[in-house]
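Since this is a predicted model, take the numbers as computed values, not measurements. Per chain, numbering begins at 1; letters A, B, ... match sequence-line order. Hydrogens, waters and symmetry mates are skipped; everything else that's a heavy atom, side chains included, is used.
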Amino acid sequence: EPEVTQTPSHQVTQMGQEVILRCVPISNHLYFYWYRQILGQKVEFLVSFYNNEISEKSEIFDDQFSVERPDGSNFTLKIRSTKLEDSAMYFCASSEAAGGYGYTFGSGTRLTVV
Amino acid sequence: AQTVTQSQPEMSVQEAETVTLSCTYDTSESDYYLFWYKQPPSRQMILVIRQEAYKQQNATENRFSVNFQKAAKSFSLKISDSQLGDAAMYFCAYRSATSGTYKYIFGTGTRLKVLA
């Protein structure tokens, strides 16, 4: 069964450093998403991406965050200057259509900011 | 704004028994989708079942079924013949059917333990 692949599975970074989280969505999917889950809290929407542009973003997704689909297969989330409160599990997801068929999620990247 | 509430942080069920996980939501919209996702310790969230709000018939997927009560804004998940592999966090999620919005709103999750 097709999968959404995320790398790395765990990343530790110093506060203030830039990090890039990588995702390879399912090849025929057109809609891409990032969510995060702070330990013990609910899963929160960050951003959706379609047709090479952001289609929707949350208030969490401020100027420190950016997304890119650099080569037609990867989908990346960049955090420019990490803060302690960015420590969370970050999930990438993709979907074939915008309808309510459900996403396919990746296994997540655990980001620890020290 | 829409909200999703899961009032049971943790539930336990004996293997082979039936368990029901609760979810309520708040919305002023009439057309939307509801989902249950399972997150086992491996972390990947897996779609368990989905329901379209305009459909009155409750969705079923093998041992999983929902009780969708639109007027009450309730969307509970029933797991029959529970198996050890059902142990996981279960998240209820809402998605508007309004064009232009794609995001899910998740509940806080219910941790299901299955006892042998």
Taking all non-hydrogen atoms of both residues, which atom of B:T27 and which atom of B:E29 are closest, and how far apart?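 Closest heavy-atom pair between B:T27 and B:E29: OG1-N, 3.1 Å.
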Closest approach of B:A53 to B:S30 (non-hydrogen atoms, all atoms of both residues):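 Smallest heavy-atom distance, with atoms named: CB-O, 4.0 Å.
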For residues B:Y25 and B:F75, establish whether the separation of their ring centroids is below 6.0 Å.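 No; B:F75 has its ring centre 6.0 Å or more from that of B:Y25.
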Using 30° and 60° as the class boundaries, would you call the ring planes of B:F91 and B:F106 parallel, tilted or perpendicular?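 Aromatic pair B:F91/B:F106 classed perpendicular.
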Is chain B contacted by the side chain of A:S58, its backbone, both, or neither, given a heavy-atom distance below 4.5 Å?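 Contact with chain B: none, neither part.
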Chain B contact via A:Q37 - which portion, at a heavy-atom distance below 4.5 Å: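 Answer is side chain: those atoms of A:Q37 sit under 4.5 Å from chain B.
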Return the option, out of A:M89, A:E56, A:E3, with the maximum number of heavy-atom pairs under 4.5 Å with chain B.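 Top count of heavy-atom pairs under 4.5 Å with chain B: A:E56.
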When you check the side-chain N and O atoms of A:Y33 and B:Y104, is any donor under 3.5 Å from an acceptor?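 No, no side-chain donor-acceptor pair sits under 3.5 Å.
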B:K113/B:E10 ion pair, N-O < 4.0 Å: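 Yes.
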Do A:E44 and A:K42 meet the salt-bridge criterion of a basic N to acidic O distance under 4.0 Å?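 Salt bridge absent between A:K42 and A:E44.
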Examine whether an atom of B:Q6 lies under 4.5 Å from a heavy atom of chain A, and if so say whether it belongs to the side chain, the backbone or both; otherwise answer neither.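 B:Q6 has no heavy atom closer than 4.5 Å to chain A.
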With a 4.5 angstrom heavy-atom cut-off, is it the side chain or the backbone of B:Y37 that approaches chain A, or both, or neither?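 When you check distances to chain A, only side chain atoms of B:Y37 fall under 4.5 Å.
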Determine which residues belonging to residues 103-114 of chain A lie within contact range of chain B, meaning some heavy atom pair is under 4.5 Å apart, and list them by number or answer 'none'.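 Counting heavy atoms that sit under 4.5 Å from chain B, the residues of residues 103-114 of chain A involved are A:Y103, A:F105, A:G106, A:S107, A:G108, A:R110.
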Scan for disulfide bond (SG atoms under 2.5 Å apart) pairs involving residues 11-93 of chain A, sequence neighbours excluded, and state none if there are none.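 Every disulfide bond (SG atoms under 2.5 Å apart) pair that includes a residue of residues 11-93 of chain A, provided the two are not neighbours, is A:C23-A:C92.
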